[in-house]
Amino acid sequence: MANEIITGAEALMRALKAEGVKTIFGYPGGAIMPVFDALYDYTRGEKKAFDHILVRHEQSAAHAAEGYARVSGDVGVCLVTSGPGATNTLTGVADALMDSTPIVVIAGQVGVGALGTDAFQEVDLVGVAQPISKWSYQIRRPEDIAWAVSRAFYIARSGRPGPVVLDFPKNAQVATTEYKPQHVDFVRSYVAYPQLDENAVKQAADIINASKKPLALVGQGVELGNAQNELLDFLEKADIPAARTMLGLSALPTDHPLNMGMLGMHGNYAPNIKEQECDVLIAVGMRFSDRVTGNLKTYAKQAKIIHLDIDESEIDKNVKTDVAVVADCKVSLPAITRLLNKNNHREWRDSFKPLYDIENEKVIQPAIHPTDGQLLMGEVVDAVSEATGGDAVLVNDVGQNQMFSCRYFKFNKNRSIVSSGGLGTMGYGLPAAIGATFGCDRTICMFTGDGGLQMSIQELGTIMEQQSPVKIILMNNNYLGNVRQWQDMFFDRRQSFTRMINPDYGKISEGYGIPYAFVSDRKDLKAAVEKMLATDGPFLLECAVKEEDNILPMTPPGCSVDEMLLEINI
C-alpha cells in the first residue's frame with residue numbers, strides 16, 4: 001500500500017507529533033504561513049496534538065522554548081517566519097548553546113528559486129546560525145522533512161544538549177511528498193555519549209581515596225544527565241563537600257549537609273576560599289567559566305583536578321586536568337563511586353563553617369534581615385523563598401536581581417532554576433518564565449529588575465492571553481543596578497546612562513489585566529507575598545528597593561577567587 005501524499009507543511013506537523021512535541025512557541029509571517037495553516041488543524045478538534053503559544057516577539061519564542069526545556073527536560077520548540085522573524089530568535093539560540101539547552105527553531109524561508117536574490121525577508125539563516133547552534137540545516141525538499149526533523153531532535157536532546165535551527169523554504173512547505181516516517185538515532189562523526197574509560201575511572205577514584213581535602217564543583221550537567229541521585233551517592237560515600245555553579249544550584253538540595261554554597265564571582269565566601277586550599281578538585285558537569293575561576297593563573301594551583309564531562313571539548317579548555325572522565329555523568333559518577341572508600345572528612349568539612357559565619361555576619365544577615373532603612377533585594381528574595389518552602393521554580397532575569405535571587409532562593413527539587421548563565425541575556429526572564437509554566441505544574445517565581453523587565457515587557461500580552469501563572473517579582477531600584485555597581489567601583493562613580501526613568505507598572509499591569517501590588521515598606525512585604533502566591537494565575541509584585549544596594553561578596557574582575565570582597569567602600 002502506498003504512503004499518503006501530503007504537503008511539506010503537513011509532513012512537518014506529523015514529524016513534530018512523532019517527536020512527542022506538545023507545545024510550540026511561535027509567531028506567524030509570510031514565509032511560514034503554509035505551516036501555520038497546517039498547524040491550525042493540529043491545535044483543535046480531532047487532530048489536536050499541539051498547544052501553540054503566540055508570543056509577542058520572536059526572541060521571546062526562543063527564550064520561552066528554553067524555559068520549557070529547562071524545567072521539563074524535553075526539547076523546546078519555536079516556529080517563526082523568515083528574515084527578521086528568524087534573526088530575532090538568534091539571541092535565544094546563542095543563549096541555548098552557551099547554557100546547553102535543547103531547543104529546535106523552525107523558521108520559514110523564501111522559496112529555493114529565490115535564494116540569493118535578496119528577496120523580501122530573505123536572510124542566510126543557516127550561515128548565520130551555524131556558529132551558535134549544534135546543527136543548522138535548510139530543508140529544500142518535502143521528502144527530506146521527516147528525516148531532518150528527527151535528526152534535529154536527536155542532535156538537540158542527545159549528548160550535551162543544545163539548539164538546532166531548521167530553515168524551511170516555502171517551496172518545500174507547499175510541495176507534496178509521499179510521507180515516510182523517519183527515526184534518527186545515529187549521526188556519523190557525532191559521538192553523543194562517549195564510551196567510559198575504565199582506566200580514567202580508576203585513576204580518579206585513586207586520587208579521591210588518597211585525598212584529605214576533596215571539593216566537588218557541581219554544574220548543570222548533573223541536571224541535564226538526570227544524575228542527581230548518582231551525585232548524592234558519590235558525595236555521601238566519600239564525604240565530599242560540594243559547591244554548585246549558578247546553573248547547577250538545584251542539582252543538590254540547599255539544606256544538604258555537604259552543600260557548601262554557590263561558586264563564582266558573587267557566590268559564597270567559603271567555597272571560593274576553599275577552592276584555593278583543597279587538594280583535589282572534582283568538577284562534575286561544569287565548564288570552568290571565568291565567572292567561577294577568576295584569574296586562571298592563580299586558580300587552584302595546589303589541587304589535582306578531576307573533570308567529569310560529556311563534552312570532550314571542555315577538557316583542558318580553561319583549566320588543565322590531571323584526570324578527565326569523558327562520559328555522561330549518570331554513567332561516570334556511579335562507576336567512580338563503586339571504587340571509592342567509605343570516608344570521613346569531618347575536619348575538612350568543619351573548616352568551611354568559620355568562613356560561612358563570617359559571610360553570614362557581614363553579608364547574609366544584613367541582606368535578608370535588615371533592621372532599618374529601605375527595602376533590600378535580599379530580603380525580598382528571602383521572603384518569597386520562605387513562603388514557597390523551597391518548592392518553587394526560580395526564574396530570573398540578568399543583573400543584580402539574578403545574583404540576589406540565586407544567592408538567597410532555596411531549592412528542594414531538581415530542575416528548579418531557569419537563568420541565562422553564559423550569555424547573560426537581559427529580557428530572558430519573562431518569556432522563559434512563561435515557557436516554564438507550560439513545562440511543569442509548579443509555582444514559577446520570576447525575579448527581575450526594572451531594566452530587564454522592559455526588554456521583554458510586551459510578553460505581558462502573552463501572559464494576559466494565556467493566563468500563564470507567572471509570579472513576577474519586580475525589584476525596582478531605578479537603575480541598571482549591576483552596571484551601576486561596576487561604575488561606582490571601577491569607574492570613579494561615573495554613572496553613565498544607568499539611571500532609569502520608569503513607567504507606572506501598576507497602570508501597565510492594569511492594562512494587561514494582571515493583578516498587581518506595590519511594596520516599599522518591609523512591614524508590608526510578607527502580606528504582599530502571601531497575596532501574590534494565593535492569587536490564581538499571574539501576578540506582578542513591584543518592590544521599591546534601595547537604589548544603590550550592592551551585591552556582595554564579589555571577586556573583582558582579574559582577581560583570584562580567594563580575593564573576594566565582603567564589603568566595598570565607594
Side-chain angles (χ1 to χ4, degrees), residues 1-26 28 32-53 61-62 64-66 68-69 71-80 89 96 101-109 133-159 161-188 190 192-193 226 435 438-440:
M1 180 178 176
N3 288 297
E4 188 179 359
I5 303 297
I6 59 175
T7 66
E10 173 71 18
L12 177 65
M13 296 299 104
R14 297 190 185 187
L16 292 176
K17 184 177 178 180
E19 292 299 327
V21 173
K22 296 290 190 295
T23 306
I24 299 170
F25 303 92
I32 197 67
M33 208 172 292
V35 170
F36 269 87
D37 185 64
L39 179 63
Y40 184 89
D41 291 331
Y42 280 82
T43 56
R44 66 203 70 216
E46 293 181 2
K47 290 176 71 174
K48 178 174 170 58
F50 315 121
D51 289 315
H52 177 268
I53 313 305
E66 288 186 272
Y68 177 91
V71 298
S72 69
D74 296 328
V75 178
V77 180
C78 62
L79 183 65
V80 298
T89 67
T101 306
I103 66 171
V104 171
V105 174
I106 303 167
Q109 180 59 280
S133 61
K134 281 189 76 176
W135 185 51
S136 60
Y137 180 76
Q138 188 173 80
I139 308 173
R140 293 189 164 209
R141 308 183 309 162
E143 52 264 44
D144 295 333
I145 291 168
W147 166 84
V149 169
S150 183
R151 193 178 198 265
F153 276 77
Y154 171 68
I155 290 173
R157 67 164 63 100
S158 62
V164 170
V165 174
L166 293 178
D167 194 35
F168 198 9
K170 202 166 184 178
N171 65 286
Q173 300 174 39
V174 299
T176 58
T177 185
E178 184 180 24
Y179 182 72
K180 298 177 182 178
Q182 298 280 328
H183 177 67
V184 175
D185 58 8
F186 171 79
V187 176
R188 190 179 64 180
Y190 169 57
Y193 300 98
N226 296 310
F438 289 94
C440 67

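All values reported here derive from a predicted model rather than from experimental measurement.
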Paired with Trp135, the side chain to side chain contact (heavy atoms under 4.5 Å, CB included) test is passed by just one of Val104, Leu166, Val165, namely Leu166
Only one of Val35, Ile6, Ile139 passes side chain to side chain contact (heavy atoms under 4.5 Å, CB included) with Leu12, and that residue is Val35
Heavy-atom side-chain contact between [X] and [Y] under 4.5 Å:
X: Val105; Y: Cys78; value: yes
X: Leu39; Y: His52; value: yes
X: Ser150; Y: Glu19; value: yes
X: Phe50; Y: Met13; value: yes
X: Ile103; Y: Tyr68; value: no
X: Ile32; Y: Val80; value: no

*Has Lys47 got more than 12 heavy atoms of other residues, nucleotides or ligands less than 6.0 Å from its NZ?*
yes
Looking only at non-hydrogen atoms, find the nearest pair between [X] and [Y] and report the distance.
X: Asp167; Y: Gly108; result: OD1-O, 3.8 Å
X: Ser72; Y: Gly439; result: CB-O, 3.4 Å
X: Pro102; Y: Ala156; result: CB-O, 3.3 Å

His183 meets the ring-ring contact (aromatic ring centres under 6.0 Å, His included) criterion, sequence neighbours left out, with none
Could you give the distance from [atom1] ([X]) to [atom2] ([Y]), rounded to the nearest 0.5 Å?
X: Ile24; Y: Ile53; atom1: CD1; atom2: CD1; result: 9.5 Å
X: Ile145; Y: Tyr179; atom1: CD1; atom2: OH; result: 9.0 Å
X: Phe25; Y: Asp51; atom1: CZ; atom2: CG; result: 9.0 Å
X: Thr23; Y: Asp74; atom1: OG1; atom2: CG; result: 9.0 Å
X: Arg151; Y: Asp144; atom1: CZ; atom2: CG; result: 11.5 Å

May I ask you to decide if [Y]'s main-chain N or O and [X]'s side chain share a donor-acceptor pair within less than 3.5 Å?
X: Glu66; Y: Thr101; value: no
X: Tyr193; Y: Gly159; value: yes
X: Gln182; Y: Ala146; value: no
X: Lys170; Y: Ala172; value: no

Q. Taking the six-membered ring for Trp, are Trp147 and Tyr137 ring centroids under 6.0 Å apart?
A. yes
* Asked: Does the side-chain contact (heavy atoms from CB on, under 4.5 Å) test come out yes or no for Val164 and Phe153, once each step is laid out?
  -> CA-CA 8 Å; Val164 170; Phe153 276 77; over 6 Å; no
With sequence neighbours left out, the residues meeting salt bridge (charged side-chain N to carboxylate O under 4.0 Å, His left out) with Arg14 are Glu4, Glu10
Residues passing the side chain to side chain donor-acceptor pair (under 3.5 Å) test with Tyr190, sequence neighbours excluded, are Lys134, Ser158
